[in-house]
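Here's the structure, in structure tokens; my notes come after.
Chain A is the first sequence line, chain B the second, and so forth, proteins listed ahead of strands; every chain is numbered from 1. These numbers come from the heavy atoms of this one structure, side chains and all, not from hydrogens, waters or symmetry mates.
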Amino acid sequence: MQRTGTEFGFGFLNTQAAFDIQESIIPYDPATDSYGRVLLAGFLNSLRVIIPGLILTTLLGILAGVVSFSDNWLLRKGSLLYVEIIRNIPLLLQLYFWYRAVFSKLPNPDNRLAWFGSIYLSNRGVFLPWPAMNWQFGSSAIALLVLVIAVGWLWRWRTQLMVETGQSGQSQLLALWALAAIALLLVVFGFGWQIPQETDSAVFDGGLRLSAEFSAILFGLVIYTSAYVSEIVRAGIQSVAKGQWEAARALGLKSGLTMRLVVFPQALRVIIPPLNSQYMNLAKNSSLAIAVGYVDIYSVANTTYNQAGRPVEVMLIIMVTYLILDLMISAVMNTLNNLVQIRER
Amino acid sequence: MTALTPQTADFGPPAAMRDTPINWLKKNLFSPWYNTIITLVIGAIALYAAYTFGNWALTTAQWDVIPRNLQLLMVGRYPSELYWRLWVLLGLVAVFSGLSWGVVARRAPQLYSRNILIGLAIAAGVCLLVPTPLPYRLLLLALLLVIAITAWVGQQAGQRLPALGTWISFGWFGVFVTGLILIGGGFFGLESVGTNEWQGLLLTALTAAISIVLCFPIGVIVALGRRSPLPILRWLCVAYIEVIRGVPLITILFMGQVMIPLFLPEGMRPDRVIRAIVGLTLFSSAYLAENVRGGLQSIPRGQGEAARALGLNPVLTVSLIVLPQALKAVIPAIVGQFISLFQDTTLLAIVGLVELLGISNSILANPQFLGRFSEVYLFDALLFWGFCYAMSAASRWVEAKVNVDH
């Protein structure tokens with residue numbers, strides 16, 4: 001460092017960045033804003049991939065894992081095929097494939113693919129219906145949250161009643177259905193969904209636009225990590241003793257209920273620790289966004305290094321960022337782990 | 001009297017439970033009503049996908065990009081008059097793979113079982129259909145034949161010489177060193193080939209092999225260090241593992257390309273391939289250390305204590321008693337780590353090295369082959385899939401054979 005004549009310090013974060021980034025959730029203007037701001041924008045872009053990525057991976061991974069125990073031969077083999085194909089191909093290759101051979105090769109906006117008159121796919125990106133961010137959506141979301149809490153409370157009360165007094169729980173079940181119907185109405189009508197409308201030729205207004213780069217990195221990460229999550233879920237379910245299945249069947253539970261009430265809660269104890277490391281892998285692999293041209297924290301840091309020099313400082317920033325991400329994921333997963341552990345007396 | 005003892009007594013299960021194709025379909029695809037719906041929907045989607053893909057692959061796809069660039073994809077700009085060195089290396093690898101296969105399977109009643117014969121036939125078909133000049137195809141077929149023959153030799157020799165396994169392990173190390181010399185040259189009158197001419201699948205395989213060979217001992221040492229009673233050593237190992245595992249591989253490769261030259265004196269700049277290998281090795285050994293630590297923790301304390309009671313010193317205790325058992329317990333995890341290391345070599349494309357993915361990208365940047373992304377990437381995917389699947393299948397097979405000993 002002495003050779004290159006630079007001094008260690010983070011002062012450069014306040015100087016003007018002067019490079020543009022394609023997308024950002026916070027306002028960013030390369031003419032005035034600093035390196036600090038562009039790094040923050042990159043970090044938020046990373047989160048924008050990681051958080052939906054974690055949710056979708058969990059859903060798809062659990063689905064694929066559970067389905068590998070299905071009675072249906074086609075589903076079982078389909079799940080196996082998916083896992084064996086995806087796990088044996090490098091993620092970066094898959095990302096290049098999704099971005100350059102799929103999302104960039106979609107038809108141009110004039111010949112876009114459309115589904116249900118509200119979802120559009122073109123090489124400019126994916127357009128989805130999305131709630132408008134206004135007071136109506138806010139109040140509906142709060143109402144929905146209240147409803148969810150009420151449902152949770154009602155469910156526990158019903159279970160308690162059924163266990164302690166042997167009641168059938170039918171009236172509470174009716175109430176639960178009514179609440180669910182209200183929630184559904186709230187989601188459909190209260191959220192103020194905006195359907196992408198074509199204002200000019202091939203220019204859309206309203207709804208949510210996901211760029212081709214974002215779609216490719218999110219899609220690629222979810223498909224790849226879900227294959228691993230599916231294997232973890234499968235191993236977890238296999239670790240539950242066979243007697244548990246048989247006992248549940250002997251008590252008259254159907255296979256779906258057996259899975260949901262008896263096997264899966266026990267499997268969770270085995271699933272969560274390795275799941276934690278897969279989640280961290282997803283967060284770390286999101287740095288491969290640079291390959292598809294999506295501007296995440298790593299990509300921004302790379303440009304910053306190229307412009308401002310400062311390899312050591314940039315490196316430290318990247319390390320600390322991913323460390324924070326890892327710690328956040330770990331904290332959530334450890335809380336979850338404590339919830340599902342066996343409580344020994 | 002004969003009427004009372006019917007000749008065609010049927011003691012099988014009732015008709016509804018027999019293994020007829022119809023019953024199989026009923027049981028596996030259409031049993032409760034919802035399974036029928038699932039089967040129909042999934043079946044329709046699968047058929048549609050297969051039809052679309054088949055239609056694309058047979059009519060729209062322009063596969064000529066693969067045969068025209070096959071040499072580039074495999075070895076890049078490696079000088080063509082020196083290809084014989086690579087074939088010699090492949091031959092050595094074939095001989096030792098065959099021998100190892102034979103030795104591991106020395107107790108198997110039948111070396112060439114039906115599945116293996118089918119596999120060999122498929123491999124022979126692939127060798128003959130590879131779109132290269134005929135001599136190369138025949139060479140590939142010869143390599144396959146060498147593997148099959150040396151497997152038989154290995155089995156016969158393995159039954160007579162129990163120590164052969166150890167010798168073959170050393171032999172593999174010899175193959176590794178010979179391979180490096182053959183590829184790089186510069187010794188024994190072999191013409192030197194610079195690292196910037198190591199490209200394509202050759203570079204992928206080479207970086208993966210070197211990193212695997214290097215990261216294994218480092219991983220074991222760090223894992224032992226993490227369990228060491230010396231606090232400073234332990235903290236150093238913990239810090240190393242946690243820092244490396246906390247950041248993405250791409251940052252470590254980036255650090256290798258940027259920071260290593262920064263901290264070394266002016267005249268000492270290792271070349272890019274070596275820096276990349278250093279990055280991959282540092283990254284992989286941290287993960288490997290955690291796998292090995294898992295194995296070490298699974299060994300009961302009594303093993304170490306018994307060894308100490310027999311008078312073994314700490315080094316011998318670890319190397320003769322604890323480590324062999326610990327490593328055996330985590331073979332699948334270690335092989336899994338090697339496979340992901342092999343896959344991670346693709347990241348070298350981002351830091352500017354032309355391994356398989358990097359050279360694919362440069363072929364795709366050629367205006368002649370513009371837009372053939374699907375064809376080239378699918379070919380790469382097939383190669384990677386083949387290697388990774390073979391590695392995991394081999395590890396499962398070896399594990400099954402090794403565990404027979406107990």
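In this structure, no portion of A/Asn285 lies under 4.5 Å from any heavy atom of chain B. Interface residue A/Ile318: only side-chain heavy atoms are found under 4.5 Å from chain B. Neither the backbone nor the side chain of A/Leu327 comes within less than 4.5 Å of any heavy atom of chain B. At a 4.5 Å heavy-atom cutoff, the contact between B/Leu347 and chain A is made by backbone and side-chain atoms alike. Interface residue A/Arg87: only backbone heavy atoms are found under 4.5 Å from chain B. Contacts of B/Val376 with chain A are absent, with no heavy-atom separation under 4.5 Å from either backbone or side chain.
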Discussion item. I'd like to know whether A/Met315 forms a side-chain contact (heavy atoms from CB on, under 4.5 Å) with B/Thr251, so could you lay out the CA-CA distance, the side-chain angles of the two residues, the decisive distance to 0.1 Å, and finally the verdict.
Written reply: CA-CA 8 Å; A/Met315 204 64 215; B/Thr251 43; 3.7 Å; yes
Discussion item. Determine whether B/Phe373 and A/Val102 satisfy the following criterion, side-chain contact (heavy atoms from CB on, under 4.5 Å), listing intermediate values before the conclusion.
Written reply: CA-CA 9 Å; B/Phe373 299 115; A/Val102 177; over 6 Å; no
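No more than 12 heavy atoms of other residues, nucleotides or ligands lie within 6.0 Å of CH2 in B/Trp235, so this atom counts as exposed by the packing criterion. Crowding of B/Tyr240 atom OH: a count of heavy atoms from other residues, nucleotides or ligands under 6.0 Å exceeding 12. Taking a 6.0 Å sphere around NZ of A/Lys254, one finds it holds 12 or fewer heavy atoms contributed by other residues, nucleotides or ligands.
Listed for the A/Lys284 side chain is no donor-acceptor partner under 3.5 Å among the backbone atoms of B/Ile250. Side chain of A/Trp73 to main chain of B/Thr39: no donor-acceptor pair is present (N/O by atom type, distance under 3.5 Å, no hydrogens or angles).
Using cut-offs of 30° and 60° on the angle between ring planes, the pair B/Phe254 and A/Tyr298 is perpendicular.
Chain B forms more heavy-atom pairs under 4.5 Å with one residue of A/Gly78, A/Ser287, A/Ala301, A/Ser104 than with any other, namely A/Ser287. Contact tally against chain B (heavy-atom pairs below 4.5 Å) for A/Leu75, A/Leu93, A/Asp326, A/Ile290: the top residue is A/Leu93. In terms of heavy-atom pairs under 4.5 Å with chain A, the best-connected choice from B/Leu364, B/Asn361, B/Leu249 is B/Asn361. Between chain B and the residues A/Met280, A/Met319, A/Gln94, the most heavy-atom pairs under 4.5 angstrom are made by A/Met319. Between chain A and the residues B/Ser340, B/Gly43, B/Cys388, B/Ser360, the largest count of heavy-atom pairs under 4.5 Å involves B/Cys388. Counting heavy-atom pairs under 4.5 Å between each of A/Ile85, A/Asn72, A/Leu74 and chain B puts A/Asn72 at the top.
A/Leu92 pairs with exactly one of B/Asp344, B/Thr345, B/Thr346 by the side chain to side chain contact (heavy atoms under 4.5 Å, CB included) rule, that one being B/Thr346.
Across all their heavy atoms, A/Glu84 and B/Trp385 have their closest contact at O-NE1, 3.0 Å. What you find for B/Gly246 and A/Tyr322 is that their closest heavy atoms are O-CB, 3.5 Å.
Considering CG of A/Asn88 and CD1 of B/Ile339, their distance stands at 6.5 Å, rounded to 0.5 Å.
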